[in-house]
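Here's the structure, in structure tokens; my notes come after.
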Number of protein chains: 2
Amino acid sequence: MTKNGKPTKRQVILEEAAKLFKDKGYVGTSMRDIAGQVGMEAASMYNHIKSKDEILDSICFRISDIYIAQLQEVEELPLSFGEKIRVLIRLHIQLMVEDGPDVSVANHDYKYLPTSRLTEFTEARRRYEKGFAALIAAGVAAGEFQAVNPTVALYTILSAVRWVELWFKPGRSLSAQELEDHIITMLLNGLEKR
Amino acid sequence: MTKNGKPTKRQVILEEAAKLFKDKGYVGTSMRDIAGQVGMEAASMYNHIKSKDEILDSICFRISDIYIAQLQEVEELPLSFGEKIRVLIRLHIQLMVEDGPDVSVANHDYKYLPTSRLTEFTEARRRYEKGFAALIAAGVAAGEFQAVNPTVALYTILSAVRWVELWFKPGRSLSAQELEDHIITMLLNGLEKR
DNA sequence: GTCTATAGATCGATAGAC
DNA sequence: GTCTATCGATCTATAGAC
């Protein structure tokens with residue numbers, strides 16, 4: 001947002017692009033499609049963005065920067081490992097609910113980044129996953145968690161949180177808060193009674 | 001396979017197409033790309049397939065037919081609800097390990113099916129999810145499972161199983177069997193000690 | 001059944017008037 | 001900063017020789 005609260009043309013383009021990329025994919029969306037949603041001709045958009053690639057780049061790295069920052073904050077909180085994992089799951093779901101199309105693009109269309117940026121993006125995600133897995137491993141070592149394989153637990157959590165992007169719509173019977181609670185219960189306590 | 005054990009040209013085309021669709025997406029893969037992998041010119045492929053759409057159609061519906069058939073078989077087995085869910089999770093992982101590219105395409109590129117076929121595919125998936133959720137709800141009602149929201153549990157399970165497609169490679173430190181065991185433990189027992 | 005050649009549509013991006 | 005017009009590349013699919 002600008003100081004007067006009105007989004008810039010560039011922000012509108014990025015936002016409409018993310019919605020279209022989510023629905024039709026990066027390659028399946030044309031600059032003309034985006035322009036149609038924004039309300040200008042495709043050629044005019046080049047006064048606000050450099051290329052189609054750059055739109056994708058902005059979306060993907062904005063999201064990955066948020067993830068990295070969130071992980072760092074949680075790592076420094078004085079909480080048990082179980083509580084840290086809970087916070088991270090909540091943050092994942094909240095980001096998805098608030099920024100659905102962008103998260104979706106960063107999850108699926110990142111692979112269309114040009115080679116050097118793709119490498120950067122993949123490394124950022126690897127760092128994030130490594131930090132997350134370390135929290136799980138530490139929880140296992142501390143006796144808080146069951147003797148799970150940290151990698152399996154990590155990807156199970158990260159994936160289990162992804163379906164929210166396909167499913168959650170604000171007017172649903174479940175609120176975002178209830179959704180968080182249910183997913184956390186399922187992942188931390190499991191399906192079966194013991 | 002044909003009777004002499006040699007795959008037909010059509011099968012080779014479908015197989016190479018699925019691998020490319022998985023990596024570059026349906027729209028991001030050209031008929032020339034597929035032809036290059038198969039070892040013929042793009043024009044020659046039209047003697048074996050009707051169109052690019054038809055390749056996608058064959059892949060998606062072959063997978064959805066398998067899912068529907070597997071669910072029906074499991075529903076009729078004389079097992080507890082917990083055991084039925086376990087079998088379904090195992091079948092999911094096995095299909096993904098054995099038929100990775102096709103499952104990946106059915107999961108991500110189905111949206112590029114032409115409208116009428118997209119409707120059919122979506123309805124088939126809805127039937128599958130409904131049947132799966134009913135097993136979870138029955139397990140809750142029978143007191144086998146915790147009081148989870150069946151929809152949340154359903155999508156958590158289905159998604160948790162999807163990362164295997166991104167991660168599993170035959171030469172990994174974890175075998176397919178061990179992977180199944182770990183994921184099932186995580187989903188049925190949860191991460192946290194109780 | 002495989003090839004070369006190409007039709008016809010659409011793509012990202014630019015030039016240049018206003 | 002927005003438009004019209006268009007370039008050059010690339011796409012799916014077909015025609016027709018062999």
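These numbers were taken from a predicted model, which means no experiment stands behind them. Residue numbers start from 1 in every chain, and the chains themselves are labelled A, B, ... in the order their sequence lines are given, proteins ahead of strands.
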In whole Å, I'd like the distance from the OH atom of A/Y112 to the C1' atom of C/dC11. 15 Å
For the pair B/R90 and B/D181, find out whether any cationic side-chain nitrogen is under 4.0 Å from an anionic carboxylate oxygen. yes
Please state how far atom CG in B/L56 lies from atom P in D/dA13, giving the value in whole angstrom units. 12 Å
Cut-off 3.5 Å, no hydrogens considered: what does the side-chain donor-acceptor table look like for residues 138-154 of chain A, sequence neighbours left out?
| from | atom 1 | to | atom 2 | distance (Å) |
| --- | --- | --- | --- | --- |
| A/E144 | OE1 | A/F81 | N | 3.4 |
| A/E144 | OE1 | A/G82 | N | 2.8 |
| A/E144 | OE2 | A/F81 | N | 3.0 |
| A/Q146 | NE2 | B/N189 | O | 3.2 |
| A/Q146 | NE2 | B/G190 | O | 2.9 |
| A/N149 | OD1 | A/T151 | N | 2.9 |
| A/N149 | OD1 | A/V152 | N | 3.2 |

Round to the nearest Å and state the distance from A/M40 atom CE to D/dG1 atom C1'. 8 Å
For residues 159-175 of chain A, which residue pairs pass the salt bridge (charged side-chain N to carboxylate O under 4.0 Å, His left out) check, not counting sequence neighbours? none
Atom-to-atom span, OH of B/Y46 to P of C/dT4 - whole angstrom: 16 Å
Which sits closer to the 5' end of DNA chain C, A/A43 or A/D33, going by the nucleotide each is nearest to? A/D33
If we ignore angles and hydrogens, is there a donor and acceptor under 3.5 Å between the side chains of B/S80 and B/E83? yes
Any side-chain heavy-atom pair of A/F132 and A/I157 under 4.5 Å: yes
Please set out all donor-acceptor pairs under 3.5 angstrom arising from side-chain atoms of residues 121-128 of chain A, sequence neighbours excluded.
| from | atom 1 | to | atom 2 | distance (Å) |
| --- | --- | --- | --- | --- |
| A/T122 | OG1 | A/L118 | O | 2.8 |
| A/Y128 | OH | A/H92 | NE2 | 2.7 |

Atom CD1 of B/I55 and atom C1' of D/dT12 are separated, to the nearest Å, by 11 Å
Roughly, in whole Å, what's the span from CD in B/E54 to C1' in D/dT14? 16 Å
Could you state the CD-P distance from B/E41 to C/dA5, rounded to the nearest angstrom? 11 Å
Heavy-atom nearest nucleotide on DNA chain D taken for A/S44 and for B/K50; more 5' hit belongs to A/S44
Nucleotide nearest B/H48 (side chain, heavy atoms from C-beta), chosen from C/dA13, D/dA13, C/dG1: C/dG1
Which residues in residues 8-22 of chain B have a heavy atom closer than 4.0 Å to any atom of DNA chain C? B/K9
A/I49 CD1 to D/dG1 P, straight-line distance once rounded to whole Å: 14 Å
Taking the six-membered ring of A/Y112, is the NZ or CZ of B/K24 close enough (under 6.0 Å from the centre) and on axis enough (within 45°)? no
Using the 3.5 Å cut-off, write out each protein N or O paired with an N or O of nucleotides 7-10 of chain D and the distance between them.
none

Here the salt bridge (charged side-chain N to carboxylate O under 4.0 Å, His left out) pairs for residues 56-69 of chain A, sequence neighbours left out, are A/D57-A/R117, A/R62-A/D99, A/R62-A/D102
Could you tell me whether A/R10 and A/E54 have a side-chain N and a carboxylate O separated by less than 4.0 Å? yes
